[in-house]
Amino acid sequence: MKRLTSHKLICLLAFVFAMSASCASPPPAPKTVKTVAFITNATSDFWKIARKGCDKADAELADVTVKFKSTNTGAVKEQDGLIRDALDMDHADAIAVSVVDPASQKQVINDAAKRALVITQDSDAPDSDRALYLGADNRAAGRQAGELIKKALPQGGKIMVFVGKKDVQNARERFDGLKESLQGSKVEIIDLLTDDTDPARARQNAYETLKKYPDIAGMVGLWSYNGPAILQALAPEGKAGQIKIVCFDDERATLAAIKEGTIFGTVAQQPYEYGYQAVLMAGKILRGDRSGVPANKTILIPTVVIQKNNVDDYSKKLDQLLGITPG
């Protein structure tokens, strides 16, 4: 009798377990739309253009949604917070970030790479666990800037160089390329001044340079807002066009100044492509296709030298990319 009761009890327990399992909630469906967080290293027109590229990729990819996040202050802590928010609040499957300080942020990037796909764009962190860098060959771009300043100052002269943060990977590489290009020339670099991505401070740096070095012949800005900031400092002093300005990127003020002759030239990246291609690559990798990732984990997007002879054509192409109808 005891054996029969035990058998019945076992059957009853098995029945109850089966019923409980059948009534339990089904496992959650796999996430079909992937989230890509695109994170800047500052706020400027450069990133507004990059956002247009993100928007295009977002519209084209049914299985991807983009969260665009701007680092307003350029501070490491702020960007680290945006990375964590992307993971914890947005549940991002991928992050495409322009790294502010690759050395101090290495652990943050490595931690993020354990939870999501990490792509660096614009500014790299080559010693981290990021899966891919997409952007300019910044050392080569620095050499292009060097060739421009030599062309602007055929007799040589003293120049000052300006940037937001000198420890950012793209800033270091551009400055190194600039110095390489100027080796053996009569152009002398006085120093590299930083402004912590503050345009007002950038203007002040240029103004103080003008006062401290009255024989200054040229000024080179390595970040997008530096060119317009330099010009804003020189113009009230009657030095616009006299002191030669070479800069980076294609802010509207920069292009207008090239057209009028107060900025000699600029080395333009293609931020639209940074946004567009970073999101496309993230989507492709998240689908399991890594065929587009080179062995060196680097995709280089060419830079363009803009001077007075090609600024109109470049501006028209930029308007077309941004969907702007000339007024």
Side-chain angles (χ1 to χ4, degrees), residues 44-46 138 141-166 170-171 174-269 303-312 314-315:
S44 68
D45 286 351
F46 178 91
N138 283 294
R143 290 194 292 268
Q144 287 177 308
E147 294 304 310
L148 274 176
I149 200 68
K150 286 192 293 186
K151 186 177 177 181
L153 300 172
Q155 305 304 316
K158 295 178 181 179
I159 67 169
M160 184 68 79
V161 186
F162 306 88
V163 75
K165 294 176 182 290
K166 65 181 178 182
N170 63 7
R174 290 175 195 177
F175 191 47
D176 287 345
L178 177 70
K179 289 186 291 185
E180 287 174 10
S181 175
L182 297 181
Q183 284 179 357
S185 75
K186 294 181 180 179
V187 176
E188 174 192 350
I189 297 174
I190 299 171
D191 201 357
L192 172 65
L193 299 182
T194 61
D195 51 61
D196 282 329
T197 70
D198 180 356
R201 186 171 166 187
R203 288 193 298 273
Q204 188 64 24
N205 282 346
Y207 177 77
E208 290 176 359
T209 295
L210 185 63
K211 297 305 179 183
K212 187 174 180 180
Y213 302 98
D215 59 342
I216 192 82
M219 296 186 181
V220 176
L222 299 182
W223 279 6
S224 61
Y225 60 86
N226 286 125
I230 292 168
L231 185 58
Q232 287 167 12
L234 297 187
E237 304 298 316
K239 297 293 185 179
Q242 296 180 27
I243 294 174
K244 302 302 180 182
I245 303 172
V246 168
C247 55
F248 271 76
D249 300 321
D250 50 13
E251 295 206 7
R252 292 293 173 174
T254 296
L255 298 179
I258 291 173
K259 188 171 182 178
E260 69 182 14
T262 50
I263 289 181
F264 184 77
T266 189
V267 180
Q269 300 177 85
T303 49
V304 181
V305 174
I306 305 170
Q307 292 189 262
K308 200 165 188 176
N309 65 324
N310 63 343
V311 67
D312 285 338
Y314 184 89
S315 298

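What you see is a predicted model; the values in this text were computed from it and never measured. Throughout, residue positions are numbered sequentially from 1 according to the sequence presented.
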So Phe264 and Ile258, side chain to side chain contact (heavy atoms under 4.5 Å, CB included) or not? Walk me through it.
CA-CA 6 Å; Phe264 184 77; Ile258 291 173; over 6 Å; no
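- In terms of heavy-atom proximity, Val246 sits nearest to Ala145 at CG1-O, 3.9 Å.
- In this structure, the side chains of Thr266 and Gln307 stay at 4.5 Å or more apart for every pair of heavy atoms.
- Here the shortest heavy-atom pairing between Ser315 and Leu255 reads OG-CD1, 3.7 Å.
- Scanning for side-chain contact (heavy atoms from CB on, under 4.5 Å) contacts around Asp196 gives Lys165, Arg201, with sequence neighbours left out.
- In this structure, CD1 on Ile306 lies 13.5 Å from NZ on Lys259, to the nearest 0.5 angstrom.
- One distance of note links CZ of Phe46 with OG1 of Thr254; it measures 12.0 Å at 0.5 Å rounding.
- In this structure Ala240 satisfies the side-chain contact (heavy atoms from CB on, under 4.5 Å) test together with Leu231, Ala235, Thr262, sequence neighbours excluded.
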Begin with the C-alpha distance, continue with both residues' side-chain angles, and end with the deciding distance and a verdict on side-chain hydrogen bond (donor to acceptor under 3.5 Å, both in side chains) for Asp249 and Trp223.
CA-CA 7 Å; Asp249 300 321; Trp223 279 6; over 6 Å; no
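- Between Leu178 and Ile189 the shortest side-chain heavy-atom distance falls below 4.5 Å.
- Here the straight-line distance linking atom CD1 of Ile263 with atom NZ of Lys308 works out to 12.5 Å at 0.5 Å rounding.
- Of all the heavy atoms in Ser224 and Pro228, the pair that sits closest is O-CD, 3.5 Å.
- For Cys247 against Gly227, the heavy-atom pair with the smallest separation is CB-CA, 3.7 Å.
- At a threshold of 4.5 Å between non-hydrogen side-chain atoms, the residues Val163 and Phe175 do not count as touching.
- Residues Met160 and Val220 form no side-chain contact, since every pair of their non-hydrogen atoms from C-beta on lies 4.5 Å or further apart.
- Note that CD of Gln155 is 12.0 Å distant from OG of Ser185, once rounded to the nearest 0.5 Å.
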Show your working on salt bridge (charged side-chain N to carboxylate O under 4.0 Å, His left out) between Glu188 and Lys158 and close with a plain yes or no.
CA-CA 5 Å; Glu188 174 192 350; Lys158 295 178 181 179; 5.1 Å; no
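- Salt bridge Arg252/Asp45: absent, no basic N to carboxylate O contact under 4.0 Å.
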Mind running side chain to side chain contact (heavy atoms under 4.5 Å, CB included) on Thr209 and Lys212 for me, showing each step along the way?
CA-CA 5 Å; Thr209 295; Lys212 187 174 180 180; 5.9 Å; no
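- Counting only heavy atoms from C-beta outward, the side chains of Val304 and Asp250 never approach each other to under 4.5 Å.
- Under a 3.5 Å cut-off, the side chain of Ser181 and the backbone N or O of Gly177 do not form any donor-acceptor pair.
- Using a 4.5 Å heavy-atom threshold, the side chains of Ile159 and Leu153 count as touching.
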Evaluate Asp195 against Asn226 for side-chain hydrogen bond (donor to acceptor under 3.5 Å, both in side chains), listing each step before the verdict.
CA-CA 9 Å; Asp195 51 61; Asn226 286 125; 3.2 Å; yes
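- Listed by first and then second residue, the side-chain hydrogen bond (donor to acceptor under 3.5 Å, both in side chains) pairs that reach into residues 237-248 are Lys211-Glu237, sequence neighbours excluded.
- Side-chain polar atoms of Gln269 and Thr303 form no donor-acceptor pair below 3.5 angstrom.
- Counting heavy atoms from C-beta outward, Leu193 and Val161 have side chains that stay 4.5 Å or more apart.
- Annotation: the span from Tyr225 atom OH to Gln232 atom CD amounts to 12.5 Å, rounded to 0.5 Å.
- In this structure, Leu192 and Phe162 have side chains that are not in contact, with every pair of non-hydrogen atoms separated by 4.5 Å or more.
- Under the 3.5 Å distance criterion, the side-chain polar atoms of Arg174 are left unmatched by any main-chain donor or acceptor of Asn138.
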